[in-house]
Enquirer: 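Here you go, one structure.
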Amino acid sequence: MYTAGMWMYKNGGGDVIQSKIINQLRERDVAVITDLNLANAYAKAGHIMCNNVAMDELDAFFSYNAGQQSQYQVYLYQVLDESIPCLNNFASFALSEDKFRTSQRLARAGLRTPDYRLCNRNEKQILKNTIREWGGRLVYKPTDGWGGMGIVKIEDERSLDMLIPFLDQTNIQHFYIERFVNYDMTDFRIDIVDGEFVGCYGRQAPADDWKTNVTSGGKVIMREPNDEIVNIAIKAAKVTGLEIAGVDIIYDRETEEYVVLEVNGIPAFATPEQEAMGLNFNDLKIEKVVSLIERKAKAHHHDQSKQTVIELLSA
C-alpha cells in the first residue's frame, strides 16, 4: 500500500468529492489519511507532525482548501514540499497566489494578460502617469488574496488621489494595477488537470457590479469553450507549473482577443446545485486528480525504496 495525505474543503459538496477520491485511490492501492490540516501541525526532529502522522513520510500530500490558508500553513506547506510530492507543488502554488508574478510569467510566455504596472509605494507619479496613459480607468489589486477581495476599480485621476491616502495607511510596500478591460462582464473558467482540459463554465457579474467572482455576487453560467480558449488555458497552466489549475479568461472587446485574467491553483469542483444546472465535469476531474496523486505517490515511494537499498548496500 502507498499512503497519501489529504486536506480538502468540506462545503459545497467537497465532502462527497473527497469520498470519491478516497475510494478510487483505494482501488489503486493508495490509502488516504484525511484532515491533515497544517494549521494543526508542528515540526520536530526533522518531521512535520499532524494528528500523530509524520507527514514527511507520506508518499504524497493533496492540499485543496482555498478559504483557510494562514501564513503558518503556507510556511509548513513549503517545507513539506521539499520532502514529498505536494499537489499542487508549492512553487507553482505560491506563484499562482501572487497576481503580479503570475501576470509577469504569462506575459513573458506570450500569453495576453491585462496591461499591468508594479511600482514602489513611493513612486505615486507612476500611478498618475499610468491612469492618464490608460484613458482614466484601472483596477487596483492586492498581489495576494482571492475571491475579489481588496480589488478596486478606479475611474479617474481624482478617484486615484482619494485612494492613495488610504493605501498610505497600510504596510503595503508596492502597488499593483491593471488596465480595466472592456468586456461583457462575463468570464470563462477553464479547469485543467495534469495538462488536460476537464471542464468549462462561466461567471457573470451582477447588474450593479463588474466583478464576476461568486464571492463578490457573480453567478455561475453555462458556457461552451472553443479550441482557442482551451489551448490558452492549457498553456497558462503549463507556464505556471500548476498540475491542477482553473484559468479565468475574458474577451477584450476593444482588441478582439482573449485575455488571461487569473490562474487559480485551487479551482473548486462543481457544487450539487451547479451539477443540477448541467455542469458535469466532476467525475472526469476526480479521475484525473486520482491518476495524478497515484502517479506522484508511487514514483516517490519507489524512489525512496531505491535510495534505501543504495544506502544499505553502501553501508
Side-chain angles (χ1 to χ4, degrees), residues 96 98-170 172-190 202-219 221 223 226 228-229 232-233 235-236 239-240 247-264:
S96 69
D98 189 311
K99 293 180 176 61
F100 162 64
R101 291 181 58 212
T102 300
S103 294
Q104 187 84 344
R105 183 73 63 90
L106 294 172
R108 290 183 62 83
L111 287 167
R112 172 77 199 282
T113 68
D115 294 339
Y116 62 89
R117 298 285 189 278
L118 181 82
C119 65
N120 187 289
R121 65 177 295 159
N122 298 322
E123 299 293 339
K124 298 181 180 64
Q125 190 59 46
I126 293 178
L127 298 181
K128 294 186 177 183
N129 293 342
T130 300
I131 197 169
R132 294 167 190 162
E133 177 188 341
W134 288 349
R137 291 204 297 176
L138 57 80
V139 178
Y140 165 79
K141 293 182 176 182
T143 51
D144 58 358
W146 61 282
M149 292 186 294
I151 297 177
V152 180
K153 184 169 72 167
I154 299 169
E155 298 283 1
D156 51 41
E157 191 171 339
R158 182 165 175 249
S159 298
L160 179 62
D161 289 336
M162 293 175 63
L163 177 65
I164 286 176
F166 166 75
L167 295 175
D168 283 341
Q169 296 177 24
T170 71
I172 298 170
Q173 297 303 307
H174 52 258
F175 299 138
Y176 175 70
I177 55 175
E178 291 180 352
R179 184 172 188 168
F180 183 77
V181 177
N182 178 7
Y183 76 118
D184 65 356
M185 306 305 168
T186 69
D187 67 6
F188 292 84
R189 162 61 67 85
I190 311 294
R203 294 169 302 181
Q204 184 175 36
D208 59 348
D209 201 355
W210 56 277
K211 289 185 281 189
T212 59
N213 310 77
V214 174
T215 50
S216 299
K219 67 176 182 179
I221 58 176
R223 298 207 85 156
N226 55 45
E228 182 181 1
I229 289 176
I232 289 172
K235 186 175 181 180
V239 166
T240 55
V247 184
D248 296 340
I249 298 174
I250 58 177
Y251 185 72
D252 188 332
R253 294 191 290 197
E254 291 182 5
T255 63
E256 298 184 339
E257 58 186 335
Y258 292 107
V259 176
V260 178
L261 200 60
E262 190 171 337
V263 184
N264 191 310

Enquirer: Check R117 with E123, please: is the shortest side-chain N to carboxylate O separation under 4.0 Å?
Expert: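 R117 and E123: not salt-bridged.
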Enquirer: Quick one: closest heavy-atom pair of M185 and F180, and the distance?
Expert: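 Here M185 and F180 meet closest at CE-CZ, 4.2 Å.
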Enquirer: Ion pair present between D187 and R223, side-chain N to carboxylate O less than 4.0 angstrom?
Expert: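 Not counted as a salt bridge, because no side-chain N and carboxylate O are separated by less than 4.0 Å.
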Enquirer: Using modelled atom types only, decide if a donor and an acceptor are shared between the side chain of K235 and the backbone of A109 within a distance under 3.5 Å.
Expert: yes
Enquirer: For V260 and L106, which heavy atoms make the closest approach, and how far apart are they?
Expert: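 Minimum heavy-atom contact is CG1-CD1, 3.6 Å.
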Enquirer: What is the distance from atom CZ of R158 to atom CD1 of I131, rounded to the nearest 0.5 Å?
Expert: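 Going from the CZ atom of R158 to the CD1 atom of I131 covers 12.5 Å.
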Enquirer: Determine the sole option in Q104, K99, K141 for which the side-chain hydrogen bond (donor to acceptor under 3.5 Å, both in side chains) test with Y116 is passed.
Expert: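 Single side-chain hydrogen bond (donor to acceptor under 3.5 Å, both in side chains) partner of Y116 among Q104, K99, K141: Q104.
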Enquirer: With a sphere of 6.0 Å drawn around NZ of K219, does it hold more than 12 non-hydrogen atoms of other residues, nucleotides or ligands?
Expert: no
Enquirer: To the nearest 0.5 angstrom, please state how far the CG atom of N226 sits from the CZ atom of F188.
Expert: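 One gets 6.5 Å once the value is rounded to the nearest 0.5 Å.
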Enquirer: Of the non-hydrogen atoms in S103 and T113, which two are nearest, and what is the gap between them?
Expert: O-CG2, 4.2 Å
Enquirer: Can you name the nearest heavy-atom pair linking E178 to P114, along with the distance?
Expert: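 It is OE1-CG, 3.8 Å.
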Enquirer: What distance separates I177 CD1 from L138 CG, expressed to the nearest 0.5 Å?
Expert: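 Spacing of CD1 (I177) from CG (L138) equals 5.0 Å.
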Enquirer: Restricting to side-chain hydrogen bond (donor to acceptor under 3.5 Å, both in side chains), what partner residues turn up for E257, sequence neighbours left out?
Expert: R112, T255
Enquirer: If you take all heavy atoms of K124 and R121, which pair is closest and at what distance?
Expert: NZ-O, 2.9 Å
Enquirer: What residues form a ring pair (Phe, Tyr, Trp, His ring centres under 6.0 Å) with Y258, not counting sequence neighbours?
Expert: Y251
Enquirer: side-chain contact (heavy atoms from CB on, under 4.5 Å) for W210 and I151? Distances and angles first, verdict last.
Expert: CA-CA 11 Å; W210 56 277; I151 297 177; 3.5 Å; yes
Enquirer: Does the side chain of R105 reach to within under 4.5 Å of the side chain of V263, using non-hydrogen atoms?
Expert: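 No. Closest side-chain heavy atoms not under 4.5 Å.
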Enquirer: Do N129 and I126 have side-chain heavy atoms sitting under 4.5 Å apart?
Expert: no
Enquirer: Which residues pass the ring pair (Phe, Tyr, Trp, His ring centres under 6.0 Å) test with Y140, not counting sequence neighbours?
Expert: none
Enquirer: Which atom pair, heavy atoms only, marks the closest approach of C119 to L127?
Expert: SG-CD2, 3.7 Å
Enquirer: How about N213 and T215: does a side-chain donor come under 3.5 Å of a side-chain acceptor?
Expert: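 The criterion, which ignores hydrogens and geometry beyond distance, is not satisfied for T215 and N213.
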Enquirer: Are any non-hydrogen side-chain atoms of R108 and V239 less than 4.5 angstrom apart?
Expert: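 They are not in side-chain contact.
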Enquirer: Taking atom CG of L261 and atom OH of Y183, what is their separation to the nearest 0.5 Å?
Expert: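 Answer rounded to 0.5 Å: 7.0 Å.
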Enquirer: I'd like to know whether D161 forms a side-chain contact (heavy atoms from CB on, under 4.5 Å) with K128, so could you lay out the CA-CA distance, the side-chain angles of the two residues, the decisive distance to 0.1 Å, and finally the verdict.
Expert: CA-CA 9 Å; D161 289 336; K128 294 186 177 183; 3.1 Å; yes
Enquirer: Please round to the nearest 0.5 Å and tell me the distance separating atom CG of N120 and atom CD of Q173.
Expert: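 Those atoms lie 7.5 Å apart.
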Enquirer: Can you tell me how far apart CD (E262) and OG1 (T212) are? Round to the nearest 0.5 Å.
Expert: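 Separation between the atoms: 9.0 Å.
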